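Worksheet: the structure to be examined is printed underneath.
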Amino acid sequence: MKARRIVVLTGAGVSQESGLDTFRDADGIWSRYRVEDVATPEAFARNPRQVHDFYNLRRRNLLAGHVKPNAAHAALAELERRWPDEFLLVTQNIDDLHERAGSRKLVHMHGEMRKVRCAACGAVTANDADLSVDSVCDACTSSGTLRPHVVWFGEMPLEMEHIGGALARCNLFISVGTSGNVYPAAGFVAEANAAGARTVELNLEPSLSHSHFAEGRYGKATAIVPDFVAALLAKP
């Protein structure tokens, strides 16, 4: 196994075959909702009820019985388990399908849908229930201060220092199911290239940043990700 330190970036495409919508496809989430109405701090300040309704619906969908980790999630969890050196999985997804598949060395740079954050005390806690403008924080008992623990447009993604350090050290960078037009994640391939890493895109089709990758393999995530992982683990 010549590549010793791996960073994997995943986007909505890795969860699409599990029954979750992508964002930027023709029939994706942003074709039905305006970002400005449901995914910005300003939208939450203006109409918190509407934002809560949007995320309540997405949370319920995530918890529906038909939504389960797919073969791509399972392959990445196996890669983590079997890889003998440094490994980090960075996901833009706010679902928990990587965790359900067994991934543990994981960073949710855009937050997590099954958690809430209190604006009063800063506590981040697990939550699977619908939120409302009257919801009470379990940590400080404040009312009306809870918001989804997600990174909205205009906010800084989480754990960027951790991610940047891993990219600077990596020998192999793998991007799975990303559109290539959401920064800062779209710039990770440039950071990996600067570190001298091998860069590979695994996607349904070439992303907007595909020309920055040394290699590209295209098709359904449930087919190409397990195949790539199996080949990687088979190398001496």
Side-chain angles (χ1 to χ4, degrees), residues 2-3 5-18 20-31 35 39-40 70 72-73 75-76 79-80 86-95 97-98 103 105-111 150-229 231-232:
K2 293 182 180 180
R5 296 179 297 277
I6 297 177
V7 174
V8 180
L9 171 69
T10 64
V14 80
S15 294
Q16 186 175 19
E17 292 176 76
S18 291
L20 296 181
D21 289 337
T22 59
F23 289 88
R24 298 176 184 277
D25 289 339
D27 60 347
I29 290 172
W30 299 142
S31 70
V35 168
T40 67
N70 62 48
H73 296 108
L76 293 173
L79 178 59
E80 176 191 312
E86 187 174 336
F87 179 94
L88 181 65
L89 174 57
V90 180
T91 186
Q92 300 171 85
N93 299 337
I94 61 175
D95 64 60
L97 296 179
H98 283 303
S103 293
K105 297 176 182 178
L106 174 66
V107 170
H108 280 273
M109 64 179 293
H110 290 163
V150 298
V151 175
W152 288 324
F153 288 88
E155 296 181 327
M156 180 63 67
L158 307 176
E159 300 200 48
M160 291 302 296
E161 186 174 348
H162 182 188
I163 296 167
L167 288 168
R169 295 188 301 273
C170 75
N171 306 114
L172 173 61
F173 173 71
I174 310 165
S175 176
V176 182
T178 65
S179 65
N181 63 356
V182 178
Y183 284 83
F188 289 174
V189 62
E191 296 183 53
N193 281 326
R198 173 191 175 194
T199 55
V200 182
E201 176 172 77
L202 307 178
N203 212 356
L204 187 61
E205 58 189 21
S207 71
L208 290 180
S209 56
H210 76 277
S211 62
H212 297 287
F213 289 87
E215 305 171 42
R217 305 183 186 187
Y218 303 103
K220 289 187 175 182
T222 52
I224 62 173
V225 176
D227 285 351
F228 182 84
V229 168
L232 186 62

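In this chain, numbering begins with 1 at the start of the sequence shown. Because only heavy atoms are used, hydrogens play no part in the values below, and waters and symmetry mates are left out as well, while side chains stay in. In this text the structure is predicted, and so the values were computed from the model without any measurement.
Atom CZ in Phe188 sits 14.5 Å away from atom OG1 in Thr199 (nearest 0.5 Å). Here the NE2 atom belonging to His108 is positioned 9.5 Å from the CD1 atom belonging to Ile94, to the nearest 0.5 angstrom. Here Cys170 contributes atom SG and Ile163 contributes atom CD1; the two are 12.0 Å apart, rounded to the nearest 0.5 Å. For the atom pair CD of Glu155 and NE2 of His110, the computed distance is 10.5 Å after rounding to the nearest 0.5 Å. Here CD of Glu215 is found 14.0 Å from NE2 of His210. Values are rounded to the nearest 0.5 Å. Residue Leu88 holds its CG atom at 4.5 Å from NE2 of His162, rounded to the nearest 0.5 Å.
Taking every heavy atom of both residues into account, Ala195 and Ala168 meet most closely at CB-O, 3.5 Å.
A donor atom on one side chain and an acceptor atom on the other are not found under 3.5 Å apart for His98 and Ser15. Ser207 and Glu201 are linked by a side-chain donor-acceptor pair at a separation below 3.5 angstrom, with hydrogens and angles left out of the test.
Under the 4.5 Å side-chain criterion, counting only non-hydrogen atoms from C-beta, Leu172 is in contact with Val200.
Using a distance-only test at 3.5 Å, with no hydrogens or angles considered, no donor-acceptor pair links the side chain of Ser18 to the main chain of Leu20. Between the Glu17 side chain and the Lys220 main chain, no donor and acceptor come within less than 3.5 Å of each other. Checked by atom type and distance alone, the side chain of Asn93 pairs as donor or acceptor with a backbone atom of Ala12 at under 3.5 Å. In this structure, the side chain of Glu191 does not engage the main chain of Gly164 through any donor-acceptor pair within 3.5 Å. At least one donor-acceptor pair closer than 3.5 Å links the side chain of Asn70 to the backbone N or O of Ala72.
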*In sequence, state the C-alpha distance, the side-chain angles, and the governing distance for Ile6 and Leu232, and then conclude on side-chain contact (heavy atoms from CB on, under 4.5 Å).*
CA-CA 11 Å; Ile6 297 177; Leu232 186 62; 3.9 Å; yes
*Quick one: do Val176 and Phe228 satisfy side-chain contact (heavy atoms from CB on, under 4.5 Å)? Show the steps, please.*
CA-CA 11 Å; Val176 182; Phe228 182 84; over 6 Å; no
*asked:* Tyr218 vs Ile224, test: side-chain contact (heavy atoms from CB on, under 4.5 Å). Steps then yes/no.
replied: CA-CA 7 Å; Tyr218 303 103; Ile224 62 173; 5.6 Å; no
